[in-house]
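Protein chains get the first letters and strands the later ones, always in sequence-line order, with residue 1 at the start of each.
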Amino acid sequence: MDGFTGFTAVYIFMLSAFTGYVVISKVPVILHTPLMSGSNFVHGIVLVGAMVAMGHAEGTLELSVGFIGIVLAAGNAVGGYVVTERMLEMFKSSQGDKRGGKA
Amino acid sequence: MSWLIESSYFLAAVLFILGLQRMSSPVTARSGILWAGVGMILATIATFATPDLHNYGLMMLAILIGSTIAFVSAKKVAMADMPQMIALYNGMGGGAAAAIAAVELIKLSGMEHADFGLVALTLAVLGAIIGTVSLSGSIIAFAKLQGLIRKSLLFSGQNYVNLGIFVSIILLGLVTILQGSEVSLFLLLVFFVLAFAFGIMMTLPIGGADMPVVISLYNALTGLAVAFEGFVLGNAAMIIAGTVVGAAGTLLTQLMAKAMNRSLTNVLFSKFGGSSGSSTEVEGDMKPIDAPDVAVMMAYASKVIIIPGYGMAVAQAQHKIWELTKLLQERGVDVKFAIHPVAGRMPGHMNVLLAEAGVPYDIIADLDEINAEFPQADVALVIGANDVVNPVARTDPDSPIYGMPILDADKAKNVIVVKRGRGAGFSGVENGLFFADNTRMLFGDGQKMAAELIQSVKEF
C-alpha cells in the first residue's frame, strides 16, 4: 500500500468536491436523469479498486468477496454507461443537432 | 510501468470531469458520456498492469459476468423503467466498494501486525458502512419502483429501531478500528449484516413518490464510499471520481428535494401524508367532455400547453401525443410541453420519455419558464399528471402538498384533463383543478384518448 500522506488526500478530496459541485450546478432540469445516470457510471471506477483488491486476495474467502466485488463493479460501470448512452442518444433539437441549448 | 498506470489514472480522472461537464448541456451531452467511457476503459486496462496482481483468470471471468448481465439488462430496459435500473447499477457500485473494504478488513484480521494507518482503517470502515447501506437501500428502491414491494413497512418506534441498528453499526465499526489486526471474522460478519439490514430498514418506509430523492442520495453515498476505498488502496482516480460524484450527487439530491418541496430529513424520517390525510373536501362537480369536442378546441386554438405526467408513460401514450402535437403544429397551433421538475419517476425523467417519442427538447419548457404563459394558453391539456397541477398547493396551508411549486394549468382559458378514473393523486390529495369551472374531464385510457383526439383533429 503506497498511499498518500494524509494531507495530499485531503487536498484532492476538497478540490474534487468543489469541482463536482461547480460542474453540476449549471445543469438544466431536462438533463437531471441522464446526469444522475452519468455520474452513476463515473463511480463505476470502483472496478479498478475491486480488481486490485482481488488481485491481492489470498484464500477462498478473500477471493470470493473480491470476485463478487468485481462482478458488481463491472455491472455498475457497464450498466451505467449503456443506460446513459441510450438516454442521451434520444435528445434532439427541432433545429437539428447543432443548435439549441437549454430548451 | 508504474508511471504508465499513474498517467492513465490521471487521464481517466480528467476525462471523467470533462465528460460530466459536457453532460450539462443537451448539445454536448452525448460526447460527454463517450469521453467518460474512454476514461473508464483506459483506467481498467492500465489496472491489469499493476505489479504483483494474481488471479487474472478469475478477474476476467468476473468482469465478463458483471458486464454481460448489465449490458443485456441495460439494453432491454424500457425508458419508463429507467430510474429503478439506475438505482440497481448504483447499488452494485456501493456493493463493490463494500467488497473492497471487506477484502481489506479480512486481510487485516489475518495479519500479525496491521500495516494500516489509523486514517486508512477508519475510512475503510466508513466506506464499508456507506457502500453496504447504498447496496441494500438501492435494492429496496429498485423493488419499490419495479412494483415488487407495494406496501411501505411502517410500525411505531421505527425510527428508534433504526437508530438502535445505526448505533450498533457505529460501535462495531469503532471496535474494528481499535482492535485492528485482532478483529475477528465473526465481528466483521455481524458488522456487514447489520449495515445491510440498516439500508433495508431505512428505505422500506419511504414511499414510491420520494424514491427519486433516495436514489440520488444513494448515488452520492456510493461516490463517497468509492472515494474512501480509493484512499485505502492509494488510488487517486477513485478518490477524484468518487468525490466528484459525491458532491454532484449531493447537489442533485438537494435540487430534487427542493423541487418536491420536501427537506431531505423529511423524506428520510417521516412518512408522507400518512395520517394527516386530505384536509379539505373540494366542492363542485367534475364535468366530463368527449374527445371530438376537445379536438375542436385544440384545432382552433392559437396556443396549447401539454402537461404530461407519469400516467402518460404508464399508458404508453407519448408517441400518440407527439403525433397529435405535429398535427396541431401543421394547423399553425403553438404547442408546448410543460414539465414539472418531478414529473415522471425522477427529475428530468419525463424529458427522457418525451425525447424517446421524438419530441425535440426546445418545445419542452421548465416550470419557471412556462408558468407565465398559461394565461395566454387557450387549452392546457393535462395527461397523466395530478398533484403537480393541483392549485391546492397554492391555496390551502393545511394540505400536505402546500407550498410545492406547481404548474399553473388552472390559469389557462380551458383545461382538459385526461384521466382514467376519479381517484386522487399519488399523495392522496383531492385535486381542486378537476372541479374548476374551466376544467373538463376526458375520462379514459391515455393512449386510447390520444388516438381519438388524433382521429378527430384529422377530420377537420
**OP:** Step by step, work out the side chain to side chain contact (heavy atoms under 4.5 Å, CB included) result for B:L53 and A:H56.
**Re:** CA-CA 6 Å; B:L53 281 198; A:H56 292 147; 3.6 Å; yes

Subject >> Most chain B-contacting option - heavy-atom pairs closer than 4.5 Å, from A:L61, A:I24, A:V65, A:V42 >> reply: A:V42

Sequence neighbours excluded and cut-off under 3.5 Å, please list the side-chain donor-acceptor pairs for residues 84-99 of chain B, or say none.
unit_1, atom_1, unit_2, atom_2, d
B:Q84, NE2, B:L145, O, 3.4
B:Q84, NE2, B:Q146, OE1, 3.1
B:Y89, OH, B:A70, O, 3.4
B:Y89, OH, B:S73, OG, 2.8
B:Y89, OH, B:A74, N, 3.2
B:N90, OD1, A:H43, NE2, 2.9
B:N90, OD1, B:T222, OG1, 3.0
B:N90, ND2, B:Y218, O, 3.4

Original post:
Passes side chain to side chain contact (heavy atoms under 4.5 Å, CB included), A:Y81 versus B:I41? Steps please.
Top reply: CA-CA 11 Å; A:Y81 183 86; B:I41 291 174; over 6 Å; no

**OP:** Only counting residues at least two apart or in another chain, list the ones meeting salt bridge (Lys or Arg N to Asp or Glu O under 4.0 Å) with A:E62.
**Re:** B:K107

**OP:** Could you check whether the rings of A:F13 and B:F228 sit parallel, tilted or perpendicular, using 30° and 60° as the cut-offs?
**Re:** parallel

Subject >> Flag side-chain contact, heavy atom, 4.5 Å: A:E58 against B:H54 >> reply: no

Subject >> Per-residue contact mode, B:V352 against chain A (heavy atom under 4.5 angstrom) >> reply: both

**OP:** Just do the side chain to side chain contact (heavy atoms under 4.5 Å, CB included) check on B:S24 and A:V23 with the steps written out, would you?
**Re:** CA-CA 8 Å; B:S24 59; A:V23 163; 5.6 Å; no

**OP:** Starting at OG of A:S37, measure out to CG of B:N219 and round the result to the nearest 0.5 Å.
**Re:** 9.0 Å

Subject >> Interatomic distance, A:F41 atom CZ to B:L20 atom CG [nearest 0.5 angstrom] >> reply: 9.5 Å

Original post:
Do A:T33 and B:N351 have side-chain atoms, one donor and one acceptor, less than 3.5 Å apart?
Top reply: no

